[in-house]
Number of protein chains: 2
Amino acid sequence: MKATRSGKAKMPSDLVLARTASLFSAFANGGRLKAVVALMRHGPMSVTGLIEVCGLEQSALSHQLRVLRDGSLVVAERRGKQVVYALADDHIASILEDGIHHAREQSRKGDAT
Amino acid sequence: MKATRSGKAKMPSDLVLARTASLFSAFANGGRLKAVVALMRHGPMSVTGLIEVCGLEQSALSHQLRVLRDGSLVVAERRGKQVVYALADDHIASILEDGIHHAREQSRKGDAT
DNA sequence: CCGTCATATGACATCGATCTCATATGATAT
DNA sequence: ATATCATATGAGATCGATGTCATATGACGG
């Protein structure tokens, strides 16, 4: 993965651009990110599990999970009393990892905020 | 680039997670995305050029460019009266293209919103 | 049926993002 | 020095995002 010369890329339609923006919006929050990363690490998890990992309140997390569902980043499945969440697809994980990687590089480059 | 098994990934620190969230935040807007895509297509451009391409008002675009600069997504260089913007690095373009690609796939899968 | 666990939802407050308008700054030419 | 072009900035309005509290729903055990 290196084919990233800046000079060339096809101009996406406004619709695609809007969808892209909302995809990234879904990633634009620490709590949501933490949840998605948790799903990447542990695989499918119940809400209760996510609450512990993310350190968010039940209601807050539930709202965030809704955002993730609406953005099709995750899928939910009932398992008795619980609801188990999982990543919607691997591309999601790929994009997030790429973002995390970039953030790490920035840190190493001394981009101290 | 395919190594996207969901099961394994290292848990990033909260700092990295926060940085990642703010990276994605910078991408979480149609106007900003349009500007970045323009820079990918045409290479470095002046603000005036970006105004035309993005269809934003001067002031609004300037504010957005500030967000992009603050997030280190783009860099600015004075060129006489003008200021020329360019992508900060190729990784930025890579991440964005990946996001656009995902958005396109979603559309094809009939994820009509 | 009732109580309880697990999760979702709605209303509301608050905080942040984005836009607009007016104005400031910086560079160049006259 | 002044005018003008190109861009940035600040203040304020408005809209959306996030969190909290209270309550609803859904599943299961007794």
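The chains referred to below are lettered A, B, ... by the order of the sequence lines, with proteins before strands, and numbering in each begins at 1.
For the pair Thr20(B) (side chain) and Val16(B) (backbone), a donor-acceptor distance under 3.5 Å is present. Under the 3.5 Å distance criterion, the side-chain polar atoms of Ser94(A) are left unmatched by any main-chain donor or acceptor of Asp90(A). Here the side chain of Asp89(B) pairs a donor or acceptor atom with the backbone of Ile92(B) at under 3.5 angstrom.
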Next on the checklist: Checking Ser46(B) against Arg79(B) for the side-chain hydrogen bond (donor to acceptor under 3.5 Å, both in side chains) test, could you report, in this order, the C-alpha distance in whole Å, the side-chain angles of both residues, the deciding distance, and whether it holds?
Outcome noted: CA-CA 9 Å; Ser46(B) 70; Arg79(B) 261 293 204 168; over 6 Å; no

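Residue pairs that meet the salt bridge (Lys or Arg N to Asp or Glu O under 4.0 Å) test with at least one member in residues 53-64 of chain B, sequence neighbours left out, do not exist here.
Of all heavy-atom pairs spanning Pro12(A) and Val37(B), the tightest one is CD-CG1, 3.6 Å. Counting all heavy atoms, side chain and backbone alike, Gln106(B) lies closest to Gly71(A) at OE1-O, 3.9 Å. Contact between Arg32(B) and Ser25(B) at its shortest, heavy atoms only, is NH2-O, 2.9 Å.
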Would you tabulate the nitrogen or oxygen pairs shorter than 3.5 Å linking the protein to nucleotides 9-19 of chain D?
from, atom 1, to, atom 2, distance (Å)
dT9(D), O4, Ser59(B), OG, 2.7
dG10(D), O6, His63(B), NE2, 2.9
dT18(D), OP1, Arg32(A), NH1, 2.9
dT18(D), OP1, Arg32(A), NH2, 3.1
dT18(D), OP2, Arg32(A), NH1, 2.8
dG19(D), OP2, Gln64(A), NE2, 2.5

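The outermost nucleotides of DNA chain C lying under 4.0 Å from heavy atoms of chain B, listed 5' to 3', are dT18(C) to dT28(C).
When the P atom of dT4(D) is taken as reference, atom NZ of Lys81(B) falls 11 Å away, rounded to whole Å.
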